[in-house]
Amino acid sequence: MSALPSFMRGFRLASLALLAAACGTADAPSGEPALYRIDAPGAAQDAEPAGWLFGTIHALPPDSRWRRPAIDDALRDSGVLMVEIADLDPAAVRETFARLSIDTSLPPLEQRVSPEYRDELAELLNEAGVGAQQFRTVESWAAAISLSALVQAQSGIDPAAGVDRSLVAGYVPRPVQGLETVEQQLAIFDRLDDDAQQDLLESMLTEEDSDPREMTDAWLAGDTQALAGLMDMGLGDSDADRSLRQALLTNRNRRWTGPIVAAMESGQQPFVAVGAGHIGGSDGLIALLEARGWRVSPVH
């Protein structure tokens, strides 16, 4: 079966992590993922951090060891945890996903990919143990997410071991703030035009040699730039590719920057934990914060 393409692995976001089923076992990897401190414009070198920025990964091999003292210290000193979605109630996610993903006017799934991808689609469905008829009324973006979840599960990567869940569980009853809701996040996919949805679905059927754990390894190594590069792989210059990146990364990063800055300016010292693909790159949170004068530096 085709492995999950690099850019699709990045665009899983929380939706895939929430919807994927845990499956398989794996050796427990360890590492030191990147943590950044954020300092106010013009702040003295010995000033308290205005906040912290931590790129998460929404699913990991079970028993992965990623906590380190610097992360624990920052969590202890912070005043609020800011994550993509604060309420990870599985029932609410399933209800929202089902409500947004159904369209009874759709053509069969195989007609929603180009002819050259139809054999690969049939093979993927067969190996996943599902039939195309199960996606007869499921929009293409939702079919792509569901198939991605099946690939992820077979790789032994577990959303229950995701960093987001661990951080939220350990932070409560202290305040946890979501930068968006489940509805808002899934609506981003639902609003993609037909070409972008087809591009998303076809991405599941390409780059057969890619390794589903490549992003996990880069995250554990703290390699933010490698993660940004993985996000860009598979994204060309087509209108559909540009639409995907704009909707799933660029626009969201810009929306999040306002609440993050507001929390820092009010002295809350937020610990901001969002998907690692949102951190680096020219349109990532580091670049956006630095453009506003904030100083972002790695915590070693």
Side-chain angles (χ1 to χ4, degrees), residues 9-10 12-38 49 51-97 145 149 152-153 155-186 213 215-216 219-220 222 227 252 256 259-260 263-264 268-279 285 299:
R9 292 202 304 276
R12 287 185 293 104
L13 309 175
S15 52
L16 261 186
L18 297 172
L19 295 166
C23 178
T25 59
D27 294 334
S30 62
E32 296 187 357
L35 172 69
Y36 297 86
R37 64 174 281 161
I38 310 170
W52 292 267
L53 186 59
F54 183 54
T56 68
I57 195 163
H58 301 305
L60 283 169
D63 302 320
S64 298
R65 297 184 297 274
W66 55 268
R67 298 290 288 252
R68 59 186 177 105
I71 295 172
D72 291 331
D73 291 345
L75 286 166
R76 181 196 62 221
D77 295 340
S78 64
V80 60
L81 174 64
M82 302 183 79
V83 294
E84 291 181 34
I85 297 175
D87 184 4
L88 299 175
D89 177 51
V93 174
R94 288 193 295 269
E95 185 279 327
T96 304
F97 185 81
I145 285 178
Q152 185 184 58
S155 74
I157 295 175
D158 185 355
V163 175
D164 313 70
R165 291 176 181 271
S166 175
L167 290 173
V168 171
Y171 209 82
V172 173
R174 299 166 66 195
V176 178
Q177 178 180 338
L179 293 166
E180 58 194 18
T181 65
V182 170
E183 176 104 19
Q184 289 170 334
Q185 190 173 95
L186 292 181
R213 298 200 182 203
M215 184 165 284
T216 300
W219 180 78
L220 286 168
L227 287 166
R252 298 171 75 211
W256 295 349
I260 292 169
M264 293 190 294
Q268 295 182 65
Q269 288 186 289
F271 187 100
V272 181
V274 297
H278 294 277
I279 302 300
L285 289 175
V299 178

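These numbers come from the heavy atoms of this one structure, side chains and all, not from hydrogens, waters or symmetry mates.
With hydrogens and angles disregarded, a donor-acceptor distance shorter than 3.5 Å links the side chain of Trp219 to the backbone of Gly55. In this structure a side-chain-to-backbone donor-acceptor pair under 3.5 Å is present from Tyr171 to Val80. The backbone N or O of Pro49 sits less than 3.5 Å from a side-chain atom of Gln269, completing a donor-acceptor pair. Put simply, the side chain of Ser78 gets close to the backbone of Leu75: a donor and an acceptor are under 3.5 Å apart. Between the side chain of Glu84 and the main chain of Gly275, a donor-acceptor pair closer than 3.5 Å is present.
Heavy atoms only, all atoms of each residue included: Gly79 and Pro175 are closest at O-CG, 3.3 Å. Between Ala263 and Met82, the shortest heavy-atom distance links the atoms CB-SD, 3.9 Å. The shortest heavy-atom contact between Gln177 and Pro259 is NE2-CB, 4.3 Å. Taking every heavy atom of both residues into account, Ala70 and Leu35 meet most closely at O-CD2, 3.6 Å. Taking every heavy atom of both residues into account, Val168 and Ala86 meet most closely at CG1-O, 4.3 Å.
In this structure, NE2 on His278 lies 8.5 Å from OG1 on Thr56, to the nearest 0.5 angstrom. For the atom pair CG of Leu179 and CD of Gln184, the computed distance is 10.0 Å after rounding to the nearest 0.5 Å. In this structure, CD1 in Ile71 is found 6.0 Å from CZ in Phe271, a value given to the nearest 0.5 Å. The CD1 atom of Ile85 lies 7.0 Å from the CG atom of Leu186; values are rounded to the nearest 0.5 Å. Here Leu220 contributes atom CG and Glu32 contributes atom CD; the two are 10.5 Å apart, rounded to the nearest 0.5 Å.
Phe97 is listed as a side-chain neighbour of Ile145, based on a closest heavy-atom distance under 4.5 Å.
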